[in-house]
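By convention in this document, chain letters (A, B, ...) are assigned in the order of the sequence lines, proteins followed by strands, and residues within each chain are numbered from 1. Here the structure is a predicted model, which is why all the values come from computation and not from measurement.
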Amino acid sequence: MAKKESTFTNMLLTLVLVSLISSAGLGFIYEVTKEPIAVAKDNKKRLAIKRVVPVFTNNPSDQALKIPADNDTVYIYTAINGTDTVGYAIETFTNKGYSGYFKLLAGFLPDGSIYDIAVLEHKESPGLGDQMLKAKSDWSNQFEGKNPENFTLKVSKDGGNVDAITASTITSRAYCDAVQRAYDALKKGGQQ
Amino acid sequence: MMSSSACIEQKGVVENISDGFATVSIMSFSACANCHSKKLCGIDENSQKSVTALTGSKTFSVGENVGIIMKRSLGLKATFIAYILPFILMLAVMLTLNYTGVKEIITGLISILVLVPYYSVIYLFNDRLKKTFTFELTKLE
Amino acid sequence: MLKTFTLGGVHPPENKLSAKEIIKELDIPENVTVPLAMHLGVPAKPVVEKGYPVKTGQLIAKGDGFVSANIHSPVSGKVLKIDKALDVSGYKKDAIFINTEGDEWIETIDRSAEIIKDFNLSPEEIVNKINDAGIVGLGGATFPSHVKLSVPRGKKAEYLLINGVECEPYLTSDHAVMLERSEELMVGISILKKALKVNKAFIGIEVNKPDAIEKLSNIAQEFKGISVQPLEVKYPQGGEKQLIKAVLSREVPSGGLPIDVGVVVFNVGTSLAVYEAIQKNKPLFERVVTVTGKSLQKPSNFKVRIGTPLIKLIEAAGGLPEDTGKIINGGPMMGKALSSAEVPVIKGSSGILILKREESARKEVGPCIRCTMCVKVCPMGLEPYLLMTMSEKALYESLEKEKIMDCIECGSCSYICPANRPMLDYIRLGKNQVGKIIRERKK
Amino acid sequence: MKQWKNFAKGFIKENPVFILFLGLCPTLGTTGSAINGISMGLATMAVLVMSNVVISVFGKFIPAKVRIPSYIVIIASFVTIVDLLMQAYLNTPGPHGEPSLYDSLGIFIPLIVVNCIVLGRAEAFASKNTVLTSLIDGVGMGLGFSFALFLLGSVRELLGAGSIFGMKFIEGNGILLFVMPPGAFLALGYLIAIMSKIKNQLVNS
Amino acid sequence: MDSVILDTVLTLSGLGAGAAIILFFVAQKFKVVEDPRIDEVEEALPAANCGGCGFAGCRNFAEACVKAKDFEGLYCPVGGNETMAEVAKILGRDAVEQDPRVAVLRCNGGCESRPKTNIYNGAATCKIASALYGGDTDCQYGCLGFGDCVEVCDFDALKMDPLTGLPVVNDSNCTACGACVKECPKDLFELRKRAKKDRKIYVACRNEDKGGIAKKSCSVACIGCNKCYNVCPHDAITMNNYLAFIDADKCKLCRKCVPECPTNSILEIGFPPRKDRSAETDNDKNEVTSGEKEININNNKEV
Amino acid sequence: MELILIIIGAVFVNNIVLSKFLGICPFIGVSNKVDTAIGMTGAVTFVMVLATLVTYLIQVYILEKLGIEFMQTVSYILIIAALVQLVEIILKKVSPPLYQALGIFLPLITTNCAILGVAILAVQNEFNLVESVIYAFANAVGFGLALVTFSGIREQLELADIPEGMKGVPIAFVIAGILAMAFMGFSNLV
Amino acid sequence: MNKQIIISPSPHVHSGQSVEKLMYGVIIALLPALLVSIFFYGKGAIAVTLISVASCIIFEFLIQKYILKTQVRIHDGSAIVTGMLLAFNLPSNLPWWIIVIGALVSIGIAKMTFGGIGNNPFNPALVGRVFLLVSFPAHMTTNFPYPQGISTPYISHIDGFSGATPLGIIKEGFKNGKSITELIGDVPSYTDMFIGKLNGSLGEIAGAALLLGLIYMLIRRIITWHIPVSVVGSFFLFISVLWIFSIDGHNIIMAKTSLNIPYISYTNNEGALVPFHMADPVFHMVSGGLFLGAFFMATDYVTSPMVPKAMIIFGVGIGIITGLIRIFGAYPEGISFAILIMNGFVPLMNRYIKPKRFGQTN
Ligand SMILES: Cc1cc2nc3c(=O)[nH]c(=O)nc-3n(C[C@H](O)[C@H](O)[C@H](O)COP(=O)(O)O)c2cc1C
Ligand SMILES: Cc1cc2nc3c(=O)[nH]c(=O)nc-3n(C[C@H](O)[C@H](O)[C@H](O)COP(=O)(O)O)c2cc1C
Ligand SMILES: Cc1cc2nc3c(=O)[nH]c(=O)nc-3n(C[C@H](O)[C@H](O)[C@H](O)COP(=O)(O)O)c2cc1C
Ligand SMILES: Cc1cc2nc3c(=O)[nH]c(=O)nc-3n(C[C@H](O)[C@H](O)[C@H](O)CO)c2cc1C
Ligand code: SF4
Ligand code: SF4
Ligand code: SF4
Ligand code: SF4
Ligand code: FES
């Protein structure tokens with residue numbers, strides 16, 4: 001099986017052929033995976049929402065209510081089970097983290113009490129600020145079931161009801177700030 | 001080995017000799033050259049390059065193993081002319097065009113195309129460069 | 001502020017034990033061994049054979065080429081044999097063995113004590129006479145003096161520097177010469193001035209020899225163009241490059257010679273030898289040697305014949321102490337440790353130092369902690385720690401670039417190193433190899 | 001027997017990471033945890049096996065001078081396929097919202113294409129050997145690579161987070177540095193030293 | 001669906017074609033690819049990178065072999081004839097054979113036969129010590145014993161014998177790379193032809209002093225008495241500066257010279273014990289076994 | 001200002017080698033000599049910037065226009081491979097002596113993952129053209145900074161007594177680890 | 001009989017200087033600071049120092065003896081220095097096992113991996129310290145006990161047993177959007193900080209005592225002035241320039257806090273206090289580990305350049321990077337990082353910056 005000679009046409013032909021077959025195959029796989037990829041992307045938000053509000057049947061991420069806040073936007077997703085509104089998942093943020101910006105998804109029940117909160121995006125320090133993650137500590141559990149109406153979203157140092165993460169008051173403050181912003185947006189959105 | 005000497009030496013083989021100049025082929029190794037597994041990793045693109053060098057007063061024969069010596073500073077100079085300068089040119093053109101509000105695609109294309117005149121200029125300066133970049137040959141025992 | 005050189009330097013304890021001792025003449029030994037290689041350059045060729053009768057001062061070996069020097073018999077007697085003998089190099093090399101009979105000098109030598117101040121030879125005649133007399137540098141390097149006096153074409157000597165620094169601890173022979181032979185020394189310097197056609201000569205002396213400074217300063221007033229320059233005490237001020245820097249603020253360029261900055265340096269002993277050769281027709285066959293050491297009974301300065309076994313000097317100074325650890329030809333910083341006390345005095349022997357056993361042992365070597373002390377003390381601005389490591393790893397190319405050849409082997413680096421690293425040992429090795437490579441390249 | 005040797009060499013004797021130092025970027029970049037490490041290893045293995053097979057079949061028909069670009073195209077295609085598949089099926093976030101496998105491997109998936117192991121094997125091995133041998137070689141090398149990444153990932157996770165595969169062994173955090181970039185370098189450095197020692201002992205005995 | 005696939009195909013084919021064109025020119029310009037035989041030759045070499053061949057490393061040697069027309073001056077002492085035959089096969093040339101050689105130490109002045117007269121206290125390397133003086137014994141030709149040679153041997157073929165203070169060559173490891181020959185400042189190593197069963201007879205001394213002096217400094221020194229020279233039936237021995245030298249090429253290992261030497265400075269190694277003199281000499285010989293071979297090393301005791 | 005932040009970010013805070021783990025092979029392989037490291041940095045700067053420029057245009061004006069972003073990997077790698085070779089040919093054609101000098105001085109630039117990685121990251125960060133190019137440049141500088149520092153340390157270690165088992169690659173990684181740790185001091189600088 | 005005399009190359013005498021003497025000199029220079037620390041922190045300080053020094057010595061011994069199988073040279077005192085300096089960089093209430101990990105990293109990773117004393121490119125104590133800082137941020141940033149048995153307005157004002165250092169308080173305050181005027185009440189006065197009445201790591205609290213140590217080392221000629229002066233000087237200049245730029249037309253005045261402590265403050269033209277988001281240079285000089293780093297850690301022989309000119313460049317680099325990290329970075333204090341980063345450049349400096357050679361022709 002002698003190797004092919006490297007003439008110009010041969011080379012051109014081979015490469016084009018290889019490209020052709022590869023790209024055809026790729027295009028095919030792309031088509032096949034297009035759906036699942038879209039679903040997966042969609043699922044990500046859906047799954048996050050699922051974590052912070054009770055069981056729902058609609059697709060909350062389809063319609064989001066946009067509330068402008070501090071030069072940015074807070075999104076409110078409404079979770080509906082059958083016909084009942086079972087909760088609101090609110091994509092909120094803060095700029096006051098130790099490393100500035102981070103993003104939360106705060107779930108509220110229709111009565112305004114907090115159902116659960118998830119961190120979407122953050123750069124807080126490992127070992128300190130990142131204790132706000134569910135995966136790292138139970139700290140964020142203290143918010144569950146609290147209604148900001150009568151639960152001051154401030155760390156105890158500042159006269160609020162929140163116990164700060166050890167050695168991470170800044171993150172704790174920022175977290176409260178973000179949740180408060182979500183709550184404010186919910187209030188505002190409720191008025192709309 | 002620590003090489004703090006002012007010159008670099010490469011080994012090569014004399015291919016051709018004509019009045020005062022010898023063409024020597026040397027091995028040029030890829031960035032992976034120092035990696036001892038280059039043979040397993042196919043990127044072992046060592047290619048042969050030939051270098052023309054002054055023979056000086058010594059006499060060489062075809063097929064002889066020789067060393068090619070070049071001043072280290074020349075290497076840095078070559079890098080500068082071949083890579084750094086065009087890069088600066090490219091960046092300057094791009095920033096200027098961008099500043100004057102030319103469309104992005106045009107800016108991009110012109111920035112690339114500016115390399116054409118640059119290398120043409122180098123082509124014109126070839127004689128000068130030839131005088132600058134000279135190499136010396138040594139005998140190897 | 002006293003003048004001194006700017007870069008580096010150390011100040012080891014001076015220990016000038018024999019500073020107050022006047023020069024004593026040592027008895028002539030029964031046998032002398034005169035090595036043929038007592039100078040830098042090609043060994044001399046013997047002009048006598050076994051059984052030849054010789055007189056004191058008679059030429060027994062002739063300089064072989066330009067950089068070489070004549071050798072004269074230090075005693076009168078009979079040539080016993082010409083054979084290999086252990087000398088200060090630590091190797092056996094050719095030497096002329098002479099059996100002493102009486103002390104009959106050749107007639108031309110003027111043995112009177114009178115100091116002759118006038119001289120009227122031309123510079124060329126002076127250089128020739130110095131060549132004939134076999135004078136080599138007595139400062140230690142034993143470089144043939146006539147070579148130094150023949151200034152190469154295109155260069156011009158402006159100053160003559162006389163090296164009376166004697167910066168090595170313990171040694172006092174130059175000091176003694178300056179004190180006791182001051183006037184002859186001055187005449188010698190005048191002769192050298194004439195030979196070099198220079199108007200100005202400086203005698204550099206460290207301030208730890210105040211009596212010498214005073215005495216020479218006084219006498220210098222009689223001699224035109226000679227002045228004494230007191231210097232701060234700092235080793236290695238006696239190194240010619242350092243001395244030139246200290247006295248004249250000139251820097252001999254790297255790889256250059258003093259003459260490149262218009263200077264020629266001679267040792268005081270050499271100057272005295274020049275006086276004796278020119279004014280008294282006396283070739284170089286004896287010299288002043290310090291015999292010293294803390295354990296020695298009588299540290300002394302002796303005037304001895306070349307070829308005398310060192311043991312004779314030591315015996316005259318009270319005998320070899322029980323706990324002797326090292327016998328050193330020269331000072332503690334640059335001198336050479338000898339493997340035997342039987343080796344003969346040569347032209348370059350300025351002193352014999354006996355160290356006690358506990359002073360002699362080197363301490364355990366540790367890894368370099370990069371404390372920079374060696375760099376700070378190196379008078380040549382080198383990085384000894386680096387030179388040592390590169391020598392160890394045989395990186396000769398890098399060594400050359402790091403200017404290893406500039407090292408004057410003063411030993412300040414090894415002296416100071418807290419990790420007791422034998423830097424100079426390795427630097428010498430490196431210099432050897434690099435020197436070889438350079439010579440090879442020149443070919 | 002020979003095939004077995006061919007298969008087994010990737011683990012210690014010719015381990016791509018510890019002995020041959022290939023594919024170091026993904027090795028360092030994806031071993032924050034054991035699971036990420038092993039996933040990256042397997043993804044690489046998938047590409048390696050597929051490209052090895054394809055190239056051992058078609059390699060002979062490719063002229064020498066376009067060998068490298070053709071291989072690159074083939075490999076890049078497989079990489080893209082793996083990328084797409086992972087994006088589709090391995091893209092679910094963890095129970096606490098941890099990033100999905102696809103997200104945490106990030107840029108290192110497309111970078112499989114420049115992993116020397118893949119191209120190197122294609123060039124040096126697959127193009128000269130039969131399909132079966134190439135396949136076994138691919139699996140062996142791929143497993144060796146996965147093993148290395150798994151080992152490094154486990155060490156880092158254990159030291160850095162006190163867990164392996166997410167199973168906690170200690171309360172709270174470990175030595176955090178090990179899950180950060182510097183820890184990757186340090187852990188790999190010492191692992192290489194240890195593994196080459198083991199290898200030398202194996203070779204000598 | 002179609003448009004995506006079409007776009008994909010078109011884009012990639014375009015790029016592929018572009019790459020092909022570029023690469024074609026690349027290939028045109030850089031036409032010579034490294035001779036693949038270099039790799040093959042390198043593969044065949046022992047990869048010791050010891051420099052014994054005179055090249056910086058095995059690869060350089062491989063290049064030289066491939067490029068040179070014949071094997072003149074090219075020999076890998078480590079791989080020996082087998083390797084060179086293989087290299088020759090790869091290159092389709094005739095192999096050149098060289099006699100296998102082995103290093104021998106031409107000094108036998110151990111601590112007892114060569115009493116120390118000084119204590120050396122400088123940097124512990126032979127090179128530095130030899131620059132300083134002849135050595136810590138009266139013999140300035142002999143081994144200094146700091147083991148520079150041991151350091152440079154890449155093959156574990158040398159080790160210092162703590163009893164004698166001399167290096168010992170392990171014949172089975174020695175590849176005759178010559179590193180020790182280059183290293184020793186006293187020039188004490190010689191590469192000698194390997195004879196059958198690694199037997200050898202050589203004068204283990206380099207002392208060029210006259211007999212009396214030599215004998216005084218070392219009891220096993222060659223004193224230049226000419227006795228061996230006179231007895232050798234094959235003219236293998238030459239005398240120079242009161243020192244005998246046995247030419248390995250001429251020596252037929254007849255062992256006649258050995259008993260002649262009044263100072264026992266001729267060593268015979270690898271021979272069965274002599275019958276007639278066994279009673280006297282056996283005590284003085286220290287049987288050292290290394291591998292399967294038996295090597296006799298004279299233990300430097302005065303007879 | 002934006003651009004300066006991009007530069008500081010890529011050079012110090014998220015150094016391509018020490019914190020993003022790209023281009024480790026040349027980092028370990030070509031870092032024995034300081035001069036070569038400097039030269040390599042120059043060459044990599046040019047290639048990285050050029051590659052990012054071209055891939056940016058391809059991405060925005062072909063792949064995204066056609067909606068085939070998934071072809072990123074394939075097209076980038078082909079382009080980069082061809083580009084590197086092209087530069088060599090042009091240099092050779094344009095000025096043989098220059099080319100020869102480079103040949104003696106530098107190893108060939110290999111398409112390593114740093115170049116591809118930076119091209120992809122520039123797209124992922126949604127930079128515009130100028131930002132992408134500056135980003136590529138900054139990463140090249142970051143690469144150079146790490147490479148040159150590192151080669152300096154390794155050159156010095158040639159003279160040190162490294163324990164046998166740690167020699168070579170292991171010690172290189174330990175140094176890289178400590179260097180990466182030191183660079184963590186820059187975190188959050190931008 | 002021939003006496004065996006010794007022979008060796010020259011020189012035949014030695015200055016008597018030794019590694020031990022130098023190291024014990026450094027230890028003596030560290031003692032004043034240690035005493036101040038023990039005075040203020042009590043048993044904690046003693047325990048941390050003892051654990052650190054002991055583990056450093058033990059690790060060095062074990063590694064030399066059993067892993068590297070080289071000569072054991074713990075007697076040279078360098079492990080003690082490393083141990084002390086590591087301890088000086090730690091809070092006095094650190095759990096013992098973290099200290100042991102730190103010592104293992106210092107000696108095992110940063111020193112012995114490279115072949116032991118003299119070979120390590122990075123400062124061992126600092127590698128250990130930064131390792132711990134990154135690995136155990138909670139323990140290493142916010143948990144510094146306050147001095148015991150001392151009552152200063154600052155300490156009595158604070159509740160709790162431990163907290164962040166003044167630098168940490170300032171950094172945290174700025175992050176929370178507070179101005180220096182609001183924060184200054186939470187930190188000690190300048191003089192208190194200088195003499196050590198503050199919370200911090202063992203060695204960063206006593207500027208005055210460290211200064212004493214520096215003077216001792218300078219007199220004994222253990223170190224030269226170049227590095228300490230250039231670090232502190234460039235740091236001061238850098239911070240001053242930043243500060244002056246950010247003052248931006250406001251007036252500088254000496255004000256008094258509610259506790260009657262003088263501090264530097266700022267007013268606008270109307271004489272009203274203005275919020276200001278940078279601490280003044282004096283504050284930066286007396287707080288944090290600047291002196292410890294500049295006097296004892298940047299001067300480590302092994303990891304600093306060999307030539308005065310390079311030493312100054314090295315020092316200036318440290319000063320500026322420290323300032324950058326303190327003002328802009330994530331960490332309240334940056335000198336450890338700054339020294340480690342500049343350690344990385346030392347080989348390049350050694351390569352390119354050569355001493356002035358004798359007879360150098362330009
Ligand atoms: C490297 C480093 C990272 C930090 N990361 C965070 C963080 O992510 N979140 C936070 O709130 N504080 C962080 N801090 C701030 C300190 O822990 C700060 O002192 C603390 O927020 C004070 O809070 P406390 O009042 O709970 O002690 C960090 C400090 C350092 C030095
Ligand atoms: C090859 C050589 C040539 C020399 N030529 C001269 C010379 O022309 N003029 C001169 O004054 N000294 C000359 N010297 C002598 C040196 O300057 C110097 O005096 C001698 O080497 C001893 O130096 P030292 O005592 O500092 O060790 C020469 C030395 C050597 C080795
Ligand atoms: C380190 C060093 C120290 C020296 N010390 C002295 C000294 O103290 N006295 C002296 O006369 N020569 C000393 N020399 C030799 C001088 O450099 C120089 O060779 C000598 O003065 C020239 O004179 P000469 O040729 O007459 O010996 C020293 C040389 C060196 C390298
Ligand atoms: C002036 C001086 C400063 C030192 N500073 C340190 C230091 O900061 N950290 C350290 O681990 N060792 C230090 N040492 C001790 C020693 O040099 C150090 O352990 C070496 O780096 C180990 O190779 C110092 C020693 C001296 C003499
Ligand atoms: S004096 Fe000694 S320890 Fe100090 S730098 Fe020089 S060699 Fe190293
Ligand atoms: S011996 Fe050489 S290197 Fe050492 S201090 Fe003296 S001149 Fe410098
Ligand atoms: S044989 Fe030579 S190199 Fe070896 S120890 Fe003896 S003198 Fe040294
Ligand atoms: S003993 Fe000498 S010749 Fe033999 S292998 Fe060792 S170094 Fe080479
Ligand atoms: S450069 Fe990244 S894997 Fe090799």
Side-chain angles (χ1 to χ4, degrees), chain D residues 17-32 47 65 68-84 87 106-116 119 177-178 180-198 200, chain F residues 14-29 68-82 85 110-121 123-124 162-184 187:
Chain D
V17 173
F18 296 131
I19 308 300
L20 305 178
F21 315 132
L22 301 176
L24 295 174
C25 297
T27 302
L28 292 163
T30 62
T31 47
V47 175
K65 281 170 194 164
I68 301 267
S70 309
Y71 292 174
I72 288 180
V73 173
I74 293 169
I75 294 167
S77 303
F78 284 124
V79 170
T80 310
I81 289 171
V82 168
D83 189 328
L84 290 172
Q87 203 175 344
I107 189 169
F108 289 103
I109 302 219
L111 288 183
I112 295 176
V113 69
V114 280
N115 191 327
C116 311
L119 192 57
L177 184 108
F178 281 100
M180 299 192 214
F185 286 112
L186 290 179
L188 183 56
Y190 287 103
L191 266 183
I192 289 177
I194 294 170
M195 294 304 281
S196 46
K197 190 150 195 187
I198 293 178
N200 286 343
Chain F
N14 295 310
N15 185 282
I16 178 169
V17 179
L18 298 177
S19 105
K20 290 214 287 273
F21 304 120
L22 293 176
I24 303 291
C25 301
F27 182 67
I28 300 292
I68 49 170
E69 290 95 333
F70 69 91
M71 290 294 293
Q72 205 187 38
T73 312
V74 184
S75 42
Y76 281 22
I77 188 68
L78 253 186
I79 287 166
I80 291 170
Q85 306 265 16
T110 327
T111 48
N112 60 50
C113 59
I115 293 175
L116 181 61
V118 167
I120 295 178
L121 283 174
V123 169
Q124 272 183 8
I162 308 289
E164 206 44 58
M166 292 304 295
K167 274 191 185 138
V169 176
I171 200 80
F173 275 116
V174 175
I175 300 168
I178 299 178
L179 216 50
M181 200 164 85
F183 267 59
M184 285 189 74
S187 55

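Heavy atoms closer than 4.5 Å to chain D are found nowhere in F:Leu179, neither backbone nor side chain. Only the side chain of D:Ala184 comes within less than 4.5 Å of a heavy atom in chain F; its backbone stays farther off. The part of D:Leu84 that comes within reach of chain F is its side chain, from C-beta onward, which places non-hydrogen atoms under 4.5 angstrom from that chain. Contacts of F:Met184 with chain D are made by side-chain atoms alone, with heavy-atom separations under 4.5 Å and no backbone atom involved. Of the atoms belonging to F:Val174, heavy atoms from both backbone and side chain fall under 4.5 Å from chain D. Using a 4.5 Å cut-off between heavy atoms, D:Ile75 makes no contact with chain F at all. Only the backbone of F:Lys20 comes within less than 4.5 Å of a heavy atom of chain D; no side-chain atom from C-beta onward does.
A pairwise comparison of heavy atoms in D:Phe18 and D:Ile192 identifies O-CG2, 3.7 Å as the closest pair. The two residues D:Ser196 and D:Ala193 come nearest to each other via the heavy atoms OG-O, 3.2 Å.
For the side-chain contact (heavy atoms from CB on, under 4.5 Å) criterion with F:Ile120, the lone passing option out of F:Leu116, F:Val123, F:Val118 is F:Leu116.
For the set D:Ser77, D:Gly189, D:Ala187, the entry with the most heavy-atom pairs within less than 4.5 Å of chain F is D:Gly189. For the options F:Ala176, F:Ser75, F:Ala172, F:Gly165, heavy-atom pairs under 4.5 Å to chain D are most numerous at F:Ala176. In terms of non-hydrogen atom pairs under 4.5 Å with chain D, the most contact-rich of F:Leu78, F:Val169, F:Val17 is F:Val169. Taking F:Gly117, F:Ser19, F:Gly168, F:Pro170 one by one and counting their heavy-atom pairs under 4.5 Å with chain D, the maximum is reached by F:Pro170.
Contact check for D:Leu111 versus D:Cys25: no side-chain heavy atoms found under the 4.5 Å cut-off. No side-chain heavy atom of F:Thr73 sits less than 4.5 Å from a side-chain heavy atom of D:Ile112.
Annotation: D:Lys197, atom NZ; neighbour count of heavy atoms from other residues, nucleotides and ligands within 6.0 Å does not exceed 12.
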- Query: Given the rule in the side-chain contact (heavy atoms from CB on, under 4.5 Å) test, do F:Ile28 and F:Phe173 qualify, once you have shown the distances and angles that lead to the verdict?
  - Reply: CA-CA 8 Å; F:Ile28 300 292; F:Phe173 275 116; 4.1 Å; yes
- Verdict with supporting geometry, D:Leu186 and D:Leu177, side-chain contact (heavy atoms from CB on, under 4.5 Å): CA-CA 10 Å; D:Leu186 290 179; D:Leu177 184 108; 3.9 Å; yes
